[in-house]
Amino acid sequence: MTTNLTIAQIFNDIAELLELKEENPFKIRAYRNGAQTLENLTEDVHEVARREELTKLPGIGKDLSEKIKEFLTAHKIKYYDQLKKEIPQVLIDMKSIPGIGPKKALLLHKKLKIKNLGELEKKCSEHKLQTLPGIRAKTEENILKGLEFLKKSEGRFSLENGVPLADEIIRALKKLKEVKRISVAGSVRRRKDTIHDVDILVTAQNSAKVMETFVGLPVVSDVIAEGDTKSSIRTINGLQADLRVVDPAAYGACLLYFTGSKAHNIRIRDIAKKKGYKLNEYGLFSEKNDKLIASKSEEEIYKILGMECVPPELREDHGEVEVALKHALPHLVTEKQIRGDFHSHTNESDGENTLEEMAESARKHGLEYLVVTDHSKSLTVANGLTEKRLMARVEAIRKLNKKLKGLTLLTGSEVDILADGVLDYSDDVLKELDFVVASIHSGFKQPREKMTQRILKAMDNKYVNLIGHPTGRLIGIRDAYDVDVDKMIRHAKATNTALEINAHPKRLDLNEVYIRQSVDAGVTLAIATDSHAVNQFDNLTYGVSEARRGWCESKNILNTLTLAELRKKIRK
DNA sequence: GCCGTTTTCGGCCCGACTGTTTTCAGTCG
């Protein structure tokens, strides 16, 4: 699968390069569309190529399929290498600065002979850019700010940055009597694992007052734009937030537009067009006479387009449009359906709270059961438990269970999968536990084949119920380890081992693509918080959204089972 | 570069805001 992502990245790079050549915009889009198809492909592109079905993929025609084949055999794409030689890196660097697109990048490079971002910053500070047509003081200022922003962040943030900011803005604006309706939109509403801004939509009688409040919020460090209907701010930590004020009558159309994704919008506008309508953020209109057909709610717009209302988490043009047209969308799993948690730590290993505190918090969070999975002995940095300590823990849990009301604790462990695939506890120990999570915490750099075999071997152990954070990624910090996820998923099915959807917002592991692939393969998934403190049960919401983004229904998720059903299912 | 019960050629989603102009290009989402 990594091949899919590698080629997708190359196609995206080609699109960037073509923009700097001022190529036909539709050709550029064709490369981006092709990249998106590969990013979301739930099958290894090798397989598709082997069946000679590349051109059956949406957005992949003769040319792109040839380039894919070239990469599969030669591990490079000549056209890409040529473009890279032809186009200076500094153009690409400049284009990544907010406010600089292909046109300005080219202008700066051509007229000022700028060779790197350092030079750009220098010439900007010396006001040399103002010698160019169309650039005056303000543009220079914005470029300097853009450079500063680039230095501070990589430009993308984790969902856990966006959700609290959205909540804060909504809380503040709701207090205004002018504000009637308010909702988060954009990638935060779609619950994407990484976001680059926070979008908020309101209906209000007096937009000036709302805008004034928005740009004056305490978190604001910069006002990027302030208009009658749209304003943008940057927060102190660099995250951008956009606010859009709309007429109440257009709320649905605008929410739809503003939620995106862009790719989803393009698809449904296309459907609208084919049906003789025009869809924009103000509503669905008749193409003939511009008469308004619908605008008040998302539901009515989808309905008129002949579609089911698509849940925001699915709006990525990953096939949901076709399925919605057939009225066959999945009934996505909801937070309410989650009855238990399989992955939690106490202060016996590296958690912050006691067993009793964790149990109490789980009960308060509405859980019916909680598996306590402290680390195993090899993970000394996390104060992993020796067999003796583990057995004492099992006793303590059984004892506490007799006192608990409304929650049952299950005994368990997050047992390390050692470098050779052997587990950190023997079967004699594991068989004493109700539920076993097996995870990798060391040897991340192992080669693909070894890493894959290591995980498959762990699954072969009949006491292992669940593989924890199966790819090991840490969003924005560490890439996944090199594992053949296809094989892992097939083996999970064969051995009846569940795969974790780790709900920690820095992990969200499996990611949405692999979740969907698992669903398609009939593998059972488990949403687990990996809580190391009482407040981390809150993260369940992130795990559920990730599951929803992977098209999970309740039947795909192990912890939608009642305790009785679960016990039956996991009996050895 | 892709795509097709209108089409194998001629389309390809659509609009807001900024900064610079003086009617608009560039950028962004």
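Convention: sequence-line order gives letters A, B, ...; per-chain numbering from 1. Small disclaimer: the values here were computed from a predicted structure and weren't measured.
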What is the minimum heavy-atom distance between A/Thr529 and A/Gln536, and which atoms define it? CB-O, 3.8 Å
Nucleotide nearest A/Asn142 when distance is taken to its side chain, options B/dT20, B/dG29, B/dT18: B/dT18
For A/Leu64, answer base if it contacts any base atom (sugar-phosphate contacts may also be present), sugar-phosphate if it contacts only those atoms, and nothing otherwise; contact means non-hydrogen atoms under 4.0 Å. sugar-phosphate
Between A/Phe258 and A/Lys62, just flag the one whose closest nucleotide in DNA chain B comes earlier from the 5' side. A/Lys62
A/His264 and A/Glu316 have their tightest heavy-atom pair at CB-N, 4.2 Å
Residue A/Lys27, side-chain atoms from C-beta onward, closest of B/dC14, B/dC17, B/dG1: B/dG1
What nucleotide among B/dG1, B/dC12, B/dG15 has an atom nearest to a side-chain atom of A/Tyr31? B/dG1
Candidate nucleotides B/dG29, B/dT27, B/dC12, ranked by approach to the side chain of A/Pro102 - the nearest: B/dT27
Does B/dA16 have its OP1 or OP2 closer than 4.0 Å to a side-chain nitrogen or oxygen of A/Tyr282? yes
Minimum heavy-atom separation for A/Gly306 to A/His327, with atom names? O-NE2, 3.3 Å
Proximity to DNA chain B (any heavy atom under 4.0 Å), residues of residues 78-94 of chain A only: none
Gap in Å between the two C1' atoms, one belonging to B/dG19 and one to B/dT5, rounded: 48 Å
Nearest-nucleotide 5' precedence on DNA chain B, A/Ile224 against A/Ala30: A/Ala30
Expressed in whole Å, how much space separates the C1' atoms belonging to B/dT18 and B/dT23? 15 Å
Measure from the side-chain heavy atoms of A/Arg29 and tell me the nearest of B/dG1, B/dC12, B/dA16. B/dC12
Which base, if any, makes a Watson-Crick or G-U wobble pair with B/dT8, both distances under 3.5 Å? none
Answer with base, sugar-phosphate or nothing: what part of the nucleic acid does A/Pro98 contact at a heavy-atom distance below 4.0 Å? sugar-phosphate
Sugar-phosphate only, base, or nothing, as touched by A/Thr229 at under 4.0 Å among non-hydrogen atoms: sugar-phosphate
Using the side-chain heavy atoms of A/Asp242, tell me which of these nucleotides is nearest: B/dT20, B/dG1, B/dG29. B/dG29
Return yes when atom CG of A/Asp228 has more than 12 non-hydrogen atoms of other residues, nucleotides or ligands closer than 6.0 Å, and no otherwise. no
A/Arg136, nearest nucleotide to its side chain (from B/dT20, B/dG15, B/dG1): B/dT20
Quick one: label A/Ile28 by what it contacts on the DNA or RNA (base, sugar-phosphate, nothing), any heavy atom closer than 4.0 Å. nothing
Does a side-chain N or O of A/Asn33 approach OP1 or OP2 of B/dG1 to a distance below 4.0 Å, or not? no
May I ask you to say what A/Ile97 touches in the nucleic acid, namely base, sugar-phosphate or nothing, with a heavy-atom cut-off under 4.0 Å? sugar-phosphate
May I ask you to evaluate whether A/Lys273 reaches the phosphate of B/dC12, defined as a side-chain N or O under 4.0 Å from OP1 or OP2? yes
Could you work out, with salt bridge (Lys or Arg N to Asp or Glu O under 4.0 Å) as the rule, every residue matching A/Lys122, not counting sequence neighbours? A/Glu126
Between B/dG1 and B/dT6, how many Å separate the two P atoms, rounded to a whole number? 28 Å
Please state the C1' separation for the pair B/dC12 and B/dT7 - nearest whole angstrom. 13 Å
Would you say A/Ser232 places a side-chain N or O within less than 4.0 Å of OP1 or OP2 belonging to B/dC17? no
Does A/Arg315 use its side chain to pair, donor to acceptor, with the backbone of A/Arg190 at less than 3.5 Å? no
Considering only the P atoms, how many Å lie between B/dT27 and B/dT21, rounded to the nearest integer? 16 Å
When you get a sec, tell me which of B/dG1, B/dT20, B/dG29 is the closest nucleotide to the side chain of A/His196? B/dG29
Between A/Lys174 and A/Ile182, the two heavy atoms sitting closest are CG-CG2, 3.8 Å
Taking only the side-chain heavy atoms of A/Lys278 (C-beta and beyond), determine which of B/dA16, B/dG15, B/dC13 contains the nearest atom. B/dG15
Parallel, tilted or perpendicular: which fits the ring planes of A/Tyr31 and A/Phe11, with parallel below 30° and perpendicular above 60°? perpendicular
Counting only heavy atoms not in A/Lys209 (residues, nucleotides, ligands), do more than 12 fall under 6.0 Å from its NZ? no
So which nucleotide from B/dG29, B/dT20, B/dG1 ends up closest to the side chain of A/Lys262? B/dG29
Between B/dG1 and A/Asn24, counting only base atoms on the nucleotide and side-chain atoms on the residue, is there a donor-acceptor pair under 3.5 Å? yes
Using a heavy-atom cut-off of 4.0 Å across all strands, would you classify A/Asn280 as base, sugar-phosphate, or nothing? sugar-phosphate
Less than 3.5 Å between a donor and an acceptor, one on the side chain of A/Tyr257 and one on the base of B/dG15, is that the case here? no
